[in-house]
Amino acid sequence: MSSSRRQYPFHLIEPKWQAMWDEQQAFRAFNPGDEIPANHPFAQRHRISGKVSAEQLPRKFYILDMFPYPSGAGLHVGHPEGYTATDILARYKRAQGFNVLHPMGWDAFGLPAEQYAVKTGQHPRKTTEENIATFKRQIKSLGFSYDWSREIATTDPDYFKWTQRIFLKLYNSYYDPDLKKAIPIELLEDALSDNPKHQDAWQNNRYLTGRREYCMSHPNDSKGVNRPKIRDWEIQVNRLAFVTEAPVWWCEELGTVLANEEVVDGKSEVGRFPVVRKPMRQWMLRITKYAERLLQDLDTIDWTDSLKEMQRNWIGRSEGAEVDFQIAGSSEKIRVFTTRPDTLFGATYMVLAPEHRLVNQIAAAGQCDAVAKYQADVAKKSDLERTELAKEKTGVFTGAHAINPVNGEKIPIWIADYVLASYGTGAIMAVPAHDTRDFEFAQKFNLPIVQVVQPSDAKADWHGFVGDGTSVNSTGKDISITGLPTAEAKKKITAWLESKNLGRQTINYKLRDWLFSRQRYWGEPFPIVWKRDADGNLYHEALPESALPVLPPELTDYKPTATGEPPLARAKEWVNLPDGSQRETNTMPQWAGSCWYYLRYLDAKNANASVGKEPEHYWMSGKAAGVDLYVGGTEHAVLHLLYARFWHKVLFDLGYVSTPEPFFKLVNQGMVLGEDNQKMSKSRGNVIPVDVPVRDLGTDSLRLYEMFMGPLEMVKPWSTRGVEGVYRFLGRVWRLFVDEKTETEFEQAETTAANPGLELLDLIKLNPAIADTAATPGQLKTLHACIKKVTDDMEGMRFNTAISALMVFVNEAMTWEKKPVAVLRAFLVLLQPFAPHLAEELWAKLPASGNLAYAPWPKFDPALLVENEIEIPVQVNGKLRDVLKVPVDIAQSELEALAKNSEKVKPYIEGKTIKKIIIVPKKLVNIAVA
RNA sequence: GCCGGUGUGGCGAAAUGGCAGACGCACAGGACUUAAAAUCCUGGGACCUUAAAAAGUCGUGCCGGUUCGAGUCCGGCCACCGGCACCA
């Protein structure tokens, strides 16, 4: 910025108070049972010290930021937006007397450090440590009131030991559809065993007894499909963490597979590289079992509608029916999923996904070549092409036919890539009259289009009509739904299908199981080893908890091996264990560590558990169960936030946490754009690092501006001028409190002193206008209006208007000849959450004040705001004509008379009939004339 | 296409259905200064009159509605931003 005069010595004040807070551990949060030092400001505020129980501690408030990935680039001014908001609230809640937990840590596993290692050979741990150091220095320079004693990094073995342990919990649990929750796998093992020991624990469980029955129906010898094999298979497929050889998203460029959630528009979310489908042996987590609970419990938490909608869309629940179509001249059936069983009479053909298992079986001799060619064409296409070319439908006839179960008609079976193998059953009944895609397809290939739904608007065209209406042409030999409205038609036909064993009501989800392994070096190794059984078949086994943490091996080359194995496979000694077993060489995705970090903060140093029962219960339970407030960007709407909810529910089922949801209230901050109104990016050159405003104008100005820009959740552009504006405001606050003469002396001393230091600040004396005098009613009114506004806005997280209220106060207080200490002191408590360094410095200059960070929040007294005289606008037909100054308790009749007699009003009502006079007490008068 | 959000001065924005534009930026004028910076004071939606003021008219994306009164509520559009998308 320009060489303009410094508004106030923030360059001395800010480091001074940051050092002071560190030294006092001022923002340390105390757990039940912690030793609270008697001289700690928290102890003094609450008059407690020593070992204190949960009941003796004040009410808790857990306020959390999404912890950052410490990149090499450091923080830009967009980063601290959310951090500033949470810090302001943390400080506000502390002032209100809450026991505030406000932690910070590092989501430090991840791709960039590994890519840097591949390029330079520098160990990712070193890169990560350096980046953490930079991030920590920058975040600390912003003066946030974090409890640094709880700092964590997901890359720390003392942390990921527990991440690995939670994986073991997933591995050793199954989802019980009867109990609708995760249960230790031992129960399933017991239920399937030849000599169960805990029969009483599962004998009433329909699922377990069913599995047992199935298992026991197989011979208990060593030949063929025997009981031990079935038992083993049952156990493996039920685990919440399981291995599968399924087509997965492979990204050549990144050299790893990716989860569904990490693939956007057929490209990797990170780096935008192409991805292809490839069958590989991978670890998966059974998040699909939790689809219904993840959906339902959204109703119990305080998130924005848009965020909940995003999760709902991702889970993608749809109700419908599965219907079996007999293949003509075959014993096989094709099962389809439809949300519109009421349109069954209009199904004039069927479509299988090209990858459907029955395609090759049913293709008629004459069509085999065409089918094979189409399959090959589709396989070549990347998913991107498959969706991009969505405009023109393609497909081929298989030569086979199926029988429509409701009318016995023979309908052709086609294959087309508009039907996805991965959704529903991978096959559809096509109802061209009432489905846009089927309609398009039928038109292109000249397939019959039969109307079965009549729109309620008689003029509407039924061709391609997809809405609800009334069934028509829907009468068969055994069943008719003609004349029924859509909803009833669905019900009736589904019941009929069920009664004939032709189909059933069902629910489908778009959500897929979570692909949980990556071909990476810089991630948590799996606590899993592979062995071979007597027949030479590979099987996996969990390591015991005592083997944790499983540390990654030291490597010099971080690339995948020549055969495409993950980098860990290079560490032969690490992989091959003495007993002949081999370690799993995949690692966990970056999301693993962020799935539970909010729990580790509660008890960060616990060596015996991921989190202790008592701290977990103290910080997570309550009326608003879970983290009280969680603030972060929308980019995690369906990744981190879905994964973390899933893990939390598993931990809840297994009894490790006391709430079903992790985050009660969640707020997304809007993005901060560059000054050019564009997203900040290196290539655009519009990135503003936080260090620049901190150096030029100070942290308090940066914090204040971050919040003053506009509402937290809105997208808004950065403005350097705007920061200077709030900086000027802080300068005004400074001049409100200090004596100008001594400040000039300070400035001179600073320029002449050889080593200007903090002690020079003491040269600055209090403004002589500040005195221990009684406040005038006007001054009290100004103060209490400010208290009310700031307090209300804090509760609503409207920081921009809270700041403008502080500005209004200062503009007013500048004009006071005598400035009462008590009023200014209260103002500093209001200012403190926003500009803590300046507020602390000024607070220290006031006589005998105590600790500001824990000073009680001032209480608003409505009596002080009562006016004797108020201004009442007078409208005629809703248009403002006059403003009357009247006593606050004026009688309505009197007010009416005054309004009618107003010189400015008269011309508008004279000679006209007054229809009505509206008087809103203390607000306005409106005269309606004809 | 579907879902969610947002449209208000030159700019960021503010307004429990009740005086539209608080607060701030930028700008203009003035005071202080040899001068500048900083600071302090003053001004301002548009239009129309006017020497100036006062008065008046219009004004919150567009069209319509409810109401004594609409930026705010309702219906229908348009634009932009974000998410999802051949999901049967």
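Side chains included, hydrogens not; waters and symmetry mates left out as well; all remaining heavy atoms used. Letters A, B, ... are given to chains in the order of the sequence lines, protein chains preceding strands, and every chain is numbered from 1. Please read all numbers here as calculations on a predicted model, not as lab measurements.
If you check rC86(B), rA13(B), rG4(B) against the side chain of Glu309(A), the one that comes closest is rG4(B). Relative to the side chain of Ala928(A), the nucleotides rA88(B), rG12(B), rC68(B) differ in distance, and rC68(B) lies closest. Closest to the side chain of Thr338(A), out of rG83(B), rG56(B), rA88(B), is rA88(B). The listed nucleotides are rU39(B), rA88(B), rC3(B); the one nearest the side chain of Asn313(A) is rC3(B). Counting only heavy atoms from C-beta on, Gln7(A) has its side chain closest to rA38(B) among rG12(B), rA38(B), rG69(B). Listed nucleotides rC40(B), rC58(B), rG4(B) differ in distance to Lys879(A); the shortest reach to its side chain belongs to rC58(B). Among rC84(B), rG12(B), rC86(B), the nucleotide with an atom closest to any side-chain atom of Pro717(A) is rG12(B). Set against rC40(B), rC58(B), rG56(B), the side chain of Met814(A) has rC40(B) as its closest nucleotide. Nearest nucleotide to the side chain of Lys716(A), out of rG12(B), rA14(B), rG18(B): rG12(B).
Here Lys444(A) pairs with Glu392(A) under the salt bridge (Lys or Arg N to Asp or Glu O under 4.0 Å) rule; sequence neighbours left out. The ring-ring contact (aromatic ring centres under 6.0 Å, His included) test applied to His636(A) returns His640(A), not counting sequence neighbours.
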Legend entry - ring pair (Phe, Tyr, Trp, His ring centres under 6.0 Å) evaluation trace for Trp816(A) with Phe827(A): CA-CA 14 Å; Trp816(A) 297 345; Phe827(A) 167 74; 9.7 Å; no
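With a glycosidic angle further than 90° from 0, rG76(B) counts as anti.
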Mind listing the N/O atom pairs, protein and nucleotides 31-35 of chain B, below 3.5 Å?
none

Distances under 3.5 Å between protein N/O atoms and the N/O atoms of nucleotides 19-26 of chain B, please, pair by pair.
unit_1  : atom_1 : unit_2    : atom_2 : d
rG24(B) : OP1    : Asn811(A) : ND2    : 3.1
rC25(B) : OP1    : Arg728(A) : NE     : 3.2
rC25(B) : OP1    : Arg728(A) : NH2    : 3.1
rA26(B) : OP2    : Arg728(A) : NH2    : 3.0

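Across all strands, Arg881(A) comes closer than 4.0 Å only to sugar-phosphate atoms, never to a base (heavy-atom distances). If you check every strand for non-hydrogen atoms under 4.0 Å, Tyr705(A) touches nothing. Across all strands shown, Thr436(A) has no heavy atoms under 4.0 Å from either base or sugar-phosphate atoms.
Between rC81(B) and rA88(B), the two C1' atoms lie 30 Å apart (nearest whole Å).
Paired runs in RNA chain B that reach 3 or more consecutive Watson-Crick or G-U pairs, where each pair keeps both distances under 3.5 Å, cover B:1-7 with B:78-84, B:10-12 with B:23-25, B:27-31 with B:39-43, B:45-47 with B:56-58, B:61-65 with B:73-77.
Here the P atom of nucleotide rA85(B) and the NZ atom of Lys510(A) are 7 Å apart, to the nearest Å.
Using the six-membered ring where Trp is involved, His434(A) and Phe465(A) have ring planes that are perpendicular, over 60° apart on the 30 and 60° scheme. Relative ring orientation between His784(A) and Phe860(A) is described as tilted, the plane-to-plane angle lying within the 30° to 60° band. Ring planes of Tyr8(A) and Tyr727(A): tilted class, angle from 30 to 60°.
Put simply, the side chain of Arg512(A) gets close to the backbone of Tyr509(A): a donor and an acceptor are under 3.5 Å apart.
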Inset, instruction - Indicate for each nucleotide in nucleotides 75-82 of chain B, in 5' to 3' sequence, whether protein heavy atoms under 4.0 Å reach the base (B), only the sugar-phosphate (S), or nothing (-). - result: --------
